[in-house]
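Beneath this line is the structure, given in structure tokens, with notes to follow.
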Amino acid sequence: MKDPACAVTEHPLRAEELLDWLADPAHGARDLFLGVVRAEHEGRKVRAVSYDCFKPLAEKTLREIAREAQERFGSRLACAHRVGRLEVGEASVAIAAGSPHRAEAFEACRYVIEEIKRRLPVWKKEHYEDGDSAWLPGCALERAPR
């Protein structure tokens with residue numbers, strides 16, 4: 001199976017490009033998941049979110065996650081995560097999966113977003129309407145044993 005298309009980018013995410021990349025006449029399903037910046041978190045009004053990362057490591061990890069999903073669900077994957085400052089309503093992550101049947105496409109997207117939340121070294125800082133901001137807990141990089 002072809003390697004997944006994965007990117008970490010400062011540019012707005014274009015879901016149609018991910019879906020186009022999946023085109024395959026053997027696929028009867030294409031699923032798309034978009035994660036967007038929400039206006040409230042734990043009772044606080046959010047104005048914007050900033051995402052930061054070391055891009056080469058984030059892209060490597062994103063590709064590993066997508067490859068795992070491809071192998072596990074027999075789906076073709078394309079995904080992207082945005083970094084930089086995003087306003088409420090802007091997409092921060094896009095995941096597209098194509099497969100012969102819908103169940104595998106749905107499961108592949110779910111697997112990728114859950115693993116992104118657990119493993120992707122992209123850190124999130126929320127900016128609140130009251131002027132305050134805070135880094136949220138996220139992926140911790142583990143140190144190699146000495």
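- Taking the side chain as every heavy atom from C-beta outward, Cys6 and Glu59 never approach each other to under 4.5 Å.
- Under a 4.0 Å N-O distance rule, the pair Asp3/Arg67 qualifies as a salt bridge.
- Side-chain contact check for Leu32 versus Cys109: every heavy-atom pair is 4.5 Å or farther apart.
- Residue pairs meeting the side chain to side chain donor-acceptor pair (under 3.5 Å) criterion with at least one partner in residues 103-113, sequence neighbours excluded, are Glu68-Tyr111.
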Please test Lys125 against Asp52 for side chain to side chain contact (heavy atoms under 4.5 Å, CB included), starting from the C-alpha separation and ending with a verdict. CA-CA 8 Å; Lys125 184 176 190 179; Asp52 195 11; over 6 Å; no

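- A continuous path of ILVMFWY side-chain contacts below 4.5 Å connects Val83 to Val46, so both sit in one hydrophobic cluster.
- Cluster membership for Phe106 and Ile116, using ILVMFWY side-chain heavy atoms within less than 4.5 angstrom, is not shared.
- Glu40 and Lys45 make their closest contact through OE1-NZ, 4.1 Å (heavy atoms, listed as atom of the first residue, atom of the second, distance).
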Could you check Leu120 against Glu115 for side chain to side chain contact (heavy atoms under 4.5 Å, CB included), going step by step and ending with a plain yes or no? CA-CA 7 Å; Leu120 192 68; Glu115 291 301 305; over 6 Å; no

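- No hydrogens or angles considered: a donor-acceptor pair under 3.5 Å links the side chains of Ser50 and His127.
- The existence of a salt bridge linking Lys60 and Glu64 is confirmed by a sub-4.0 Å separation between a basic side-chain nitrogen and an acidic carboxylate oxygen.
- No continuous path of hydrophobic side-chain contacts links Ile95 to Leu22 [ILVMFWY only; heavy atoms under 4.5 Å].
- Listed here is the closest heavy atom pair of Cys53 and Val122: CB-CG2, 3.8 Å.
- By the 4.5 Å heavy-atom criterion applied to side chains, Arg82 and His11 are not counted as neighbours.
- Counting heavy atoms from C-beta outward, Leu34 and Val93 have side chains that stay 4.5 Å or more apart.
- Counting all heavy atoms, side chain and backbone alike, Ala108 lies closest to Ala69 at O-CB, 4.2 Å.
- Using a 4.5 Å heavy-atom cutoff, the side chains of Tyr51 and Trp123 are not in contact.
- Counting heavy atoms from C-beta on, the side chains of Glu126 and Leu136 come closer than 4.5 Å.
- With hydrogens and angles ignored, the 3.5 Å screen pairs a side-chain donor or acceptor of Lys55 with a backbone N or O of Val8.
- In this structure the side chain of Glu87 never reaches within 4.5 angstrom of the side chain of Val37, judged on heavy atoms.
- The two atoms that bring Arg119 and Thr61 nearest to each other are O-CG2, 3.8 Å, heavy atoms only.
- Between Arg30 atom CZ and His27 atom NE2 the span is 9.0 Å, to the nearest 0.5 Å.
- Although no hydrogens or angles enter the test, the distance criterion places a donor-acceptor pair under 3.5 Å between the side chain of Gln70 and the main chain of Leu77.
- Between Ala78 and Leu18, the shortest heavy-atom distance links the atoms CB-CD2, 3.7 Å.
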Would you please test Thr9 and His81 for side chain to side chain contact (heavy atoms under 4.5 Å, CB included) and show each step? CA-CA 6 Å; Thr9 181; His81 200 297; over 6 Å; no

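- Using modelled atom types, no side-chain atom of Ser75 and backbone atom of Ser99 make a donor-acceptor pair closer than 3.5 Å.
- Closest non-hydrogen pair, Leu86 versus Ala91, comes out as CD2-O, 3.3 Å.
- Contact check on Asp132 versus Arg44 returns a salt bridge, with a Lys/Arg side-chain nitrogen under 4.0 Å from an Asp/Glu carboxylate oxygen.
- Ile65 contributes atom CD1, which lies 9.0 Å from atom CD1 of Ile113 (distance to the nearest 0.5 angstrom).
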Dump the intermediate steps for side chain to side chain contact (heavy atoms under 4.5 Å, CB included) on Arg85 and Val49, then the final yes or no. CA-CA 6 Å; Arg85 187 179 173 101; Val49 172; over 6 Å; no

